[in-house]
Amino acid sequence: MGFADNDIKYLKGVGDARARELAREFEIHTFRDLLYYFPFRYVDKSRFYRISELHGEMPAVQLRGHFIQFNTEGEGARQRLKGVFSDGERLMECVWFSKVKSLANLYKPGVPYVIFGKPAEYRNIWSMAHPEITPYDETSPPTGFTGVYNLTDVSRRKGFSTKAFNNLARNVLTHPGFSTMTETLPPEVVTAYRLMPLHDALREMHFPTHPDRLAKARERMKFEELFYLELQILRYSRERSLRIPGIPFPKIGPSFNKYYKECLPFELTVAQKRVLHEIRDDMRQGRQMNRLLQGDVGSGKTIVAFMTLLMAVDNGCQGALMAPTEILAGQHYETLRAWGERIGLRVELLTGSTRTAKRREIHQGLLDGDIHILVGTHALIEDGVRFRRLGVAVIDEQHRFGVAQRARMWKKGEVAPHVLVMTATPIPRTLAMTVYGDLDVSVIDELPPNRKPVTTVMRYEEDRMEVYRLVQRELNAGRQVYVVYPLVKENPKLELKSVEEGRERLAGIFSGWQVGMVHGQMKPDAKDEQMERFLRRETSILVATTVIEVGVNVPNASVMIIENAERFGLSQLHQLRGRVGRGADRSYCVLMTKRNIGGDTRKRLNVMTATTDGFLVSEADMKMRGPGDMEGTQQSGVAWSLRVASLATDGQILNLAREAAEKVLDARPELVKNPHAVGSRDADHLTLSDASLNILTAEMRYRFQRDYDWSMIS
Ligand code: ADP
Ligand code: MG
């Protein structure tokens, strides 16, 4: 029992009753819990800053100076007040979005003021939104640099103000025992990564002395949090890679070779070839492959999947490809059957609507080994489906499947098959390895040649005729058009467009053309039939909800119109846009939106018009929303376990923390349960003392109490 483990009730100023409140309201039970309960923001009124000193990581700060002028911009709800502020040296901008009129009368140019707020930089100009403004008074000096704790109304009523927290934090930090508290990171790591030592960092977190020191303290605490997260993830994945053997695929055989030499429908891109090498190397090892393949819409993941399945076939195994919808499974089936036919492979399709007789035939074919590749939906993982020897399972559009479903796929054979998960919603590499834990990552970062980027524009209601002229022109040229709506039916409460309304309207305007419709409330059969008709070009316009988002391939479609685009998330918009531009022709994505949209929404739509690169879109998406919201990452729960670090914005620290965790495991393989074969891989390695090993095990026990593996330290 060290200092940190002391029951909080023994802290000066706490006692039994308050200890109960701290436990209930804040989950603070020990001295350490209190020390790790950090302010959620900071207020720096210790001094006046100059505009030339501002930088991006600053808390709210104060500046002294005067306004040069005020301007009112915009109309109605979009009205805003802008003030140009001078500190006598440089200029910055203050912006207000509400109470514009009264504020414009309140503040006067030329009068000395103190402005207080969080600075932000945009296009080399510093600005503050809604700063606090007080007249400057020489007799009232600055009042210090303080943290603000996250309090609820309940806790405030019970006397837990920021001031109360300040007092408690001071009582722990000045306690004679504080200096005996053990470092939570191995000193070797603290030194190697030039981190602020724990004691300094904790003091600075609660009682900051300078923005730069606070930034270092926060960096240290974020690093610590991410380091232990990575350590835990890596321990599991190293252990797993030793425990689960995987089927070795020693050879590249006739199927792969014949297809590669004689049947490729196109030259593979460099990225496709590289990824195939990575996959091949993985599966040769005799350990189970568990790989995430990230590639933008249209980057050509399907052929990579197919050739991966061929590697299984060449080594006496079968392959499976699972897709999230019947439509998508059907399309994959058509593609793979055509490709497979040329080298004499039998490919079958199994979905929820496969008839009983056919289903029986497939079950038999799988057991006999007559079927080489099985394509399908969830139906693939039902209990009745048994393979003779499943070697590789490919899962398309990962975010539609949970981890549990992946695990069921593994259980399809005696030995777990290799698993390749494909997604068109890319996230940075280390982040992917963190949220998906046990996956390696490959990336197709190149589109096939001759792709013309989809021309993307934002249009308003008054531009509708122009948009329809574009539709008419493309229809006349024999092309097809998607129109996507946020709602199925009209809803009087929401001012949104709906599919049903849209169909009537478009059928009226484009009376010479057939209009189809799909949405989530239709029966699967009816949905499929509508998709089929669009594929066969029997309908020229398809009105739809986001059900068409995933993977559907109609190369003849050249226009995607998204109504109420402001209602959709970035990755959703990007996925929808990916439905066009699949042929070599020029294609268009039109984001229809209200004129009156918020700043964040506008930013989101601007990302869409500025780039067609899925990696840039997803990076922007993460910055704006945080990865906790991103499709595919919710299930991981990792994002929610973090208190100081953010997976969205602390990518650099995350990379370092991962690297450190890898070095620590290399240096001390006994941290992995079954350490044999975990060799040192890094020349630039770390040496850790036994005392450091104790720190690591104690800290992991503290942080991962519930799933901590106690046998590890025996
Ligand atoms: P996604 O990664 O979105 O699943 P697909 O595998 O569906 O992409 O490929 C999109 C289109 O690009 C398909 O029509 C496919 O045949 C074509 N394609 C894939 N790779 C290449 C390539 N190397 N050269 C030319 N066309 C390609
Ligand atoms: Mg695809």
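All ligand and atom numbering here is 1-based and tracks the order in the structure.
With a 4.0 Å heavy-atom cut-off, ligand 1 is reached by no atom of Gln331.
For Gln294, the closest heavy-atom approach to ligand 1 does not fall below 4.0 Å. Not a single heavy atom of Asp396 lies less than 4.0 angstrom from ligand 1. Assignment of Gly298 to the shell around ligand 1 is supported, since a heavy atom sits closer than 4.0 Å. Between Gly295 and ligand 1 there is no heavy-atom distance shorter than 4.0 Å.
The side chain to side chain contact (heavy atoms under 4.5 Å, CB included) test with Asp440 singles out one residue from Asp282, Asn290, Leu292, Leu293, and that residue is Asp282. Checked against Ile371 for a side chain to side chain contact (heavy atoms under 4.5 Å, CB included), the options Val347, Leu366, Leu345 give a single hit: Leu366. Remark: of the listed residues Leu276, Ile252, Leu268, Leu268 is the sole one forming a side chain to side chain contact (heavy atoms under 4.5 Å, CB included) with Tyr260.
Within the listing of ligand 1, atoms 22 (C), 23 (N), 24 (N) sit less than 4.0 angstrom from a heavy atom of Glu267. With ligand atoms numbered from 1 in the order given, ligand 1 contributes 3 (O) to contacts under 4.0 Å with heavy atoms of Val297. Less than 4.0 angstrom separates some heavy atom of Ser299 from each of these atoms of ligand 1: 2 (O), 8 (O).
Between Ile303 and ligand 1, a contact under 3.5 Å exists for no N or O pair. For ligand 1, the polar-atom distance check finds no N/O of Trp339 at less than 3.5 Å from any of the ligand's N/O atoms. For Pro448, no nitrogen or oxygen atom sits less than 3.5 Å from a nitrogen or oxygen atom of ligand 1, counting backbone and side chain alike.
Within 6.0 Å of the CZ atom in Arg503, the count of heavy atoms belonging to other residues, nucleotides or ligands does not exceed 12. Within a 6.0 Å radius of CZ in Arg342, other residues, nucleotides and ligands contribute 12 heavy atoms or fewer.
One finds a salt bridge joining Lys358 and Glu361 here, because a Lys/Arg side-chain nitrogen approaches an Asp/Glu carboxylate oxygen to under 4.0 Å.
When Ile444, Thr302, Leu264, Thr269 are ranked by how near their heavy atoms come to atom 4 (O) of ligand 1, first place goes to Thr302.
No side-chain donor-acceptor contact under 3.5 Å links His363 and Arg360. Judged purely by distance below 3.5 Å, without hydrogens or angles, the side chains of Arg291 and Ser442 pair a donor atom with an acceptor atom.
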